[in-house]
Number of protein chains: 2
Amino acid sequence: MSNTRTKIMNLAEKLIRTKGYHAFSYKDISAPLQIKNAAVHYHFPAKADLGEAIISRTIRTFELQTEEWKPLSPEKKLEAFINIYRESKEQNMVCFMGALGPSYDSLPDNMKAELTIASNQIRLWLREVLQEGKDKGLFDFSETIEEKADTIVTALLSSLILSIVSQEDVLQTVSKAIPKAL
Amino acid sequence: MSNTRTKIMNLAEKLIRTKGYHAFSYKDISAPLQIKNAAVHYHFPAKADLGEAIISRTIRTFELQTEEWKPLSPEKKLEAFINIYRESKEQNMVCFMGALGPSYDSLPDNMKAELTIASNQIRLWLREVLQEGKDKGLFDFSETIEEKADTIVTALLSSLILSIVSQEDVLQTVSKAIPKAL
DNA sequence: AAATATACTTACTAATAAGTAAGTTCTTGA
DNA sequence: TCAAGAACTTACTTATTAGTAAGTATATTT
């Protein structure tokens with residue numbers, strides 16, 4: 001796997017997560033990398049292929065990370081999860097779900113399918129962490145597991161959006177609130 | 001103010017909130033309304049003017065609504081607020097903040113400015129409602145007012161996104177959880 | 001050494017985008 | 001009734017888009 005391919009994906013991901021999928025062109029990738037437009041098409045024939053590759057990579061990375069986190073306590077797992085969002089925020093990016101989800105109807109079919117898989121994977125993992133914490137008597141909340149998981153993941157997702165729009169650190173506010181309600 | 005102008009804005013809003021700002025063109029508006037491309041430009045010279053008009057209208061509508069809600073109890077105010085999101089969900093739309101926020105960097109300056117104003121207006125209103133509820137002994141939570149307000153607004157915002165992506169009613173899940181944690 | 005595959009560049013195409021200038025029709029108030 | 005403005009249409013332009021076909025240099029394999 002070439003270095004150029006990875007550079008293209010990294011830059012495209014950055015563009016998607018700051019400007020959106022429809023707001024960048026192959027020129028925005030080829031110019032900074034000092035390659036020709038057709039070189040991007042060589043690695044990713046269609047823009048949809050590039051988009052899909054980025055979602056797939058994110059899914060794989062998440063699988064690897066959660067695998068690594070398996071020995072951690074539920075609290076530490078949640079902390080590690082929140083930390084992903086913190087890293088995004090530091091780079092002024094929203095998460096890929098927040099970037100692509102709102103324009104779902106305008107995405108190519110392959111990207112839609114990958115995105116749906118990813119969303120349910122993340123929500124399922126979070127439910128398992130909350131269940132584990134509840135079973136071990138570490139977490140205590142009145143909502144159901146599903147409710148709590150969705151409350152947390154939605155709060156993190158749009159705190160990145162609102163951090164950029166409102167120009168305040170909404171992620172910080174929200175992530176301080178999460179452990180208080182557990 | 002002509003009927004066409006309103007029709008253009010309504011359709012453009014629908015397009016923004018399902019496909020995104022960069023994923024629709026003036027043709028997507030002129031064709032269904034059976035008018036010419038230049039007719040759209042007559043009412044909104046640049047696409048940025050159309051975008052700004054939609055955000056401004058949403059702000060004005062929110063101001064009118066919250067004004068109407070003034071006599072309501074904090075619980076009812078919150079209920080009415082959640083209901084806005086429910087109506088969006090029924091039309092398979094995300095809210096305008098969720099639609100435009102993630103591509104903030106690629107938006108025209110006038111839209112950015114309006115969006116920032118809107119986000120802080122909504123957050124401020126919600127903080128006031130929560131404060132009122134706390135003062136009246138109706139709400140009881142361990143988080144600060146700011147934390148609680150941001151937790152609620154972020155949960156609602158991205159529950160619309162996740163409802164579309166995951167194809168489950170995440171808004172329903174999340175809005176059931178909100179009163180449980182008050 | 002020859003053949004082959006990889007990773008590109010050069011040089012395009014066809015479609016679509018936003019936007020404009022000039023003309024037309026319709027409405028309305030003086 | 002007529003002059004003026006509002007609400008368009010016609011007919012463009014210019015720029016950008018994704019995408020492709022054909023060629024080239026450089027490794028790698030046989």
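The structure displayed is predicted, hence computed values, not measured ones. Order of the sequence lines sets the chain letters (A, B, ...), proteins ahead of strands, with each chain counted from 1.
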Between atom [atom1] in [X] and atom [atom2] in [N], what is the gap in whole Å?
X: B:Leu33; N: D:dC8; atom1: CG; atom2: P; value: 10 Å
X: A:Asp49; N: D:dA18; atom1: CG; atom2: P; value: 13 Å
X: A:His22; N: D:dA18; atom1: NE2; atom2: C1'; value: 13 Å
X: B:Asn3; N: D:dA6; atom1: CG; atom2: P; value: 18 Å
X: B:Lys36; N: D:dT10; atom1: NZ; atom2: C1'; value: 9 Å

Name every donor-acceptor pair, under 3.5 Å, that has one atom in a side chain of residues 68-75 of chain A and the other anywhere in the protein, sequence neighbours excluded.
residue	atom	partner	partner atom	Å
A:Lys70	NZ	A:Glu67	OE1	3.4
A:Ser73	OG	A:Lys76	N	3.2

Could you give the side-chain donor-acceptor pairs of residues 166-175 of chain B under 3.5 Å, partners two or more places apart or in another chain?
residue	atom	partner	partner atom	Å
B:Ser166	OG	A:Arg123	NH1	3.4
B:Ser166	OG	B:Leu162	O	2.6
B:Ser166	OG	B:Glu168	N	3.3
B:Glu168	OE1	A:Arg123	NH2	3.3
B:Asp169	OD1	B:Gln172	N	3.0
B:Gln172	OE1	B:Arg86	NH1	3.3
B:Thr173	OG1	B:Asp169	O	3.2
B:Ser175	OG	B:Leu171	O	2.7
B:Ser175	OG	B:Gln172	O	3.3

- Message: Minimum heavy-atom separation for B:Leu160 and B:Ser88, please, with both atom names.
- Response: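 The pair with the smallest heavy-atom distance is CD1-CB, 3.9 Å.
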- Query: Counting only heavy atoms not in A:Lys176, do more than 12 fall under 6.0 Å of its NZ?
  - Reply: no
- Check whether any side-chain N or O of B:Tyr42 sits under 4.0 Å from OP1 or OP2 of D:dA7, and answer yes or no. yes
- Query: Can a side chain N or O of B:Thr4 be found less than 4.0 Å away from OP1 or OP2 on D:dC8?
  - Reply: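 Yes, within the criterion.
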- Query: Is B:Glu143 salt-bridged to A:Lys180, cutoff N-O under 4.0 Å?
  - Reply: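 Salt bridge: no.
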- Item | Candidate nucleotides D:dT10, D:dC8, C:dT9, ranked by approach to the side chain of A:Ile35 - the nearest |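 When the side chain of A:Ile35 is considered, C:dT9 is the closest of D:dT10, D:dC8, C:dT9.
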- Going 5' to 3' through nucleotides 15-21 of chain C and flagging B where a protein heavy-atom sits under 4.0 Å of the base, S where only the sugar-phosphate is that close, and - otherwise, we get --SSBB-
- Geometric class of the A:Trp125/A:Phe81 ring pair [parallel <30°, tilted 30-60°, perpendicular >60°]: tilted
